[in-house]
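Everything below concerns the one structure shown next.
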Amino acid sequence: MKIFIPRETGFCNGVSSAVSKALSVTDKAYCLGQIVHNASVTDTLVQKGIITVNDVNEVPQGSTLIIRAHGVGKRVYDVAREKKLTLVDATCPSVKAVQNKARDYHERGYRVVLVGDARHPEIQGINGWCEGEAVIFDGKSKLTLDCDKALIMFQTTFDSRLFEKSLQNISTDRVKTLEIFNTICYTTLQRQYYAQTLSAKCDLAVVVGDSNSSNTRRLYEIACQNCKTVITDGSDCNIDLSNCKNVCLISGASTPTELIKGVLKRMIENAKDTVSVETVESEVTVAEPKMGKDEAMLAKAVSEMKEGHRYKLGQKVKCRIVLVSDDGVYVSIPSSKKEGFIPNEELAMDGDYKTAKANLDADVTLECAVISVDKGITLSKKVIDERYKDDALVAGIKEGQEFNCLMTRVGKECLTGKLGSYTVIVHASQIKIGYVKNLDAYLGKTLRLVVSGPDKVDDSKRVIFASQKTILLAEKKAKEDEFWNNIEVGEIVEGKVLRFASFGAFVSVRGFDCLAHTSDLAWEHVKGPQDVLEIGNTYEFVVLALDREKNRVSLGYKQLQPEPWQLAEEKFPIGAIVAGKVARIMPFGAFVELDKNIDGLLHVSNVSWEWLDDINKALKIGDEIEVQIMEFDAENKRITLSRKALLPRPESARSDAE
């Protein structure tokens, strides 16, 4: 089974910033509504002592108030000033931009049209900057505008597939001046693109997020059109993966990465077949709508959006510092003649942006990652530093130091992973002791590695050729040396039975495979080792022989058990009268079974006082008889018996003897 996962998952930039701001509050604080629509995030804030309220009037005078990521209207800020509240504004930058535009155009006399869900806090907050006079339109019905000037904007999480249709549903014939801004967040476009394209080629789509989240519900609705779809907040991950060959995992913009990883882990655990995980890149495109007289304006708006999308999220770019400001760093991107912005929280891995900014000057060139292209290009130095922090390990790796690497791709007879900016390549022959045919079984696993030989680190190509087999062989040799240096013939050892063969049992002694031959398992004859031992059980054995050159150890089990003939000598002393069963009859006499695997010989001359020409006339197999022990030879394992010694001696025998 294959699981497709978008490369971009987890919090979007706006949500990440909002949650970080909320968690940074140290004093008792209040949050106006949920910081984001995700129960696990809300629970985290509750545990931190942040209280959720529904109205700003519920917040005590002089307290700290956190503004949620969806933003709020102007009234909240006015009341907060009156109550002397300390504000922590976690409004998403994309939403803040829409709020500002709505306020500016409303003040200029435009009729503001907001396309989205009238019940959603984002739309309600934006309307609050229009004095509650904005027209809120769901995009599905019909709307006629009767005004001189109009501005049309969209909820940042609006369904991008309805963008063109919603504009077609608005009649603007009476409008003299029309402004249209596609304010759908790029992250929304990207996640919806994933939901559409991945679900189209899968048997099952798993949407991870809170069902109360608008963007998460939208992903669920899109995926449902293509395949069976489930939505989970991580609390119930018993997802039926039977009969699924291809499954995609999609997440909302307010879904924590830890939650996504947890769902993926349990999906892999629940899968019956071998699972491979494939990361998918985004290739979002935006169709240009055609709207009659407004076609040119719409084409311009879409073209501007597409210009920003020429960069992929996560893409590395070189940029030059233009200005270091209080809220971040403004840069230029020479390769595209575009400008970008690095927020304070994206400057340093340790969060100490003040120190990071102190070391920056104008015209310094940085390497950053694109984290948003919505309303400008937002960059992160922190992401690149995090991505390539492991480059510091390469110097030690060249000297032979062991390192760990997650295998993320299967190549031609090899596995590959990333270590900072380096690609780590592990050939199939270097994964374990022995060749690996099914490389997919190691996908998603972390290997312990060392360089596979001299000059196996190519700095120019950023490639490391590595081996796990080298480590395993070294550990095996050390383990063998430890074993051979601390064992000797005659030593009694404990061993766990691993497996059986026709000639004996293989036993693990201190992690080393040894052989207990069948002939050394029991004093009596046995058909196989299973007659004496059980696989998985631990027994005591004696070391019979050591051959380090051939890596062989011979063990004995019977040698630690009582020898039957030694016990028999005590049990059957000379002169004793015992009972036995005739086991075999030969021309010269009968063998009588006295005990398990202990036979005595009753010679034909000792059967009776009378001469017998055929012993079968006196005995038959199975007869129970009493005999007397006449001789016992433990060394040669011989017992001589007599029956006639227990019978009355005839007169004729006495006469002959006399």
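Scope of the values below: all heavy atoms of this structure, side chains included, with no hydrogens, waters or symmetry mates.
In this structure, His70 and His120 have perpendicular ring planes: the angle between them is above 60°, well past the 30° mark. Note on ring orientation: taking the six-membered ring where Trp is involved, the planes of Phe163 and Phe154 are tilted (angle from 30° to 60°).
Checking Asp89 against Tyr77 by side-chain atom types alone, a donor-acceptor pair falls below 3.5 Å. Side chains of Thr156 and Glu122: a donor-acceptor N/O pair is present below 3.5 angstrom, by distance only. Counted by atom type alone, Thr355 and Asp352 present one or more donor-acceptor pairs between their side chains at under 3.5 Å. Using modelled atom types and a 3.5 Å distance limit, the side chains of Ser254 and Asn38 yield no donor-acceptor pair. With 3.5 Å as the limit, one finds a donor-acceptor pair spanning the side chains of Lys357 and Asn344. With hydrogens and angles left out, the side-chain atoms of Thr42 and Gln34 include a donor and acceptor closer than 3.5 Å.
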Could you walk me through whether Val331 and Ile342 pass the side-chain contact (heavy atoms from CB on, under 4.5 Å) test, one step at a time?
-> CA-CA 8 Å; Val331 299; Ile342 310 172; 4.0 Å; yes
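Judged by the 6.0 Å and 45° rule, Arg217 forms no cation-pi pair with Tyr220.
With respect to Asp78 and Lys74, a salt bridge is recorded, a charged nitrogen being found less than 4.0 Å from a carboxylate O.
Environment of CZ in Arg218: crowded, with over 12 heavy atoms of neighbouring residues, nucleotides or ligands closer than 6.0 Å.
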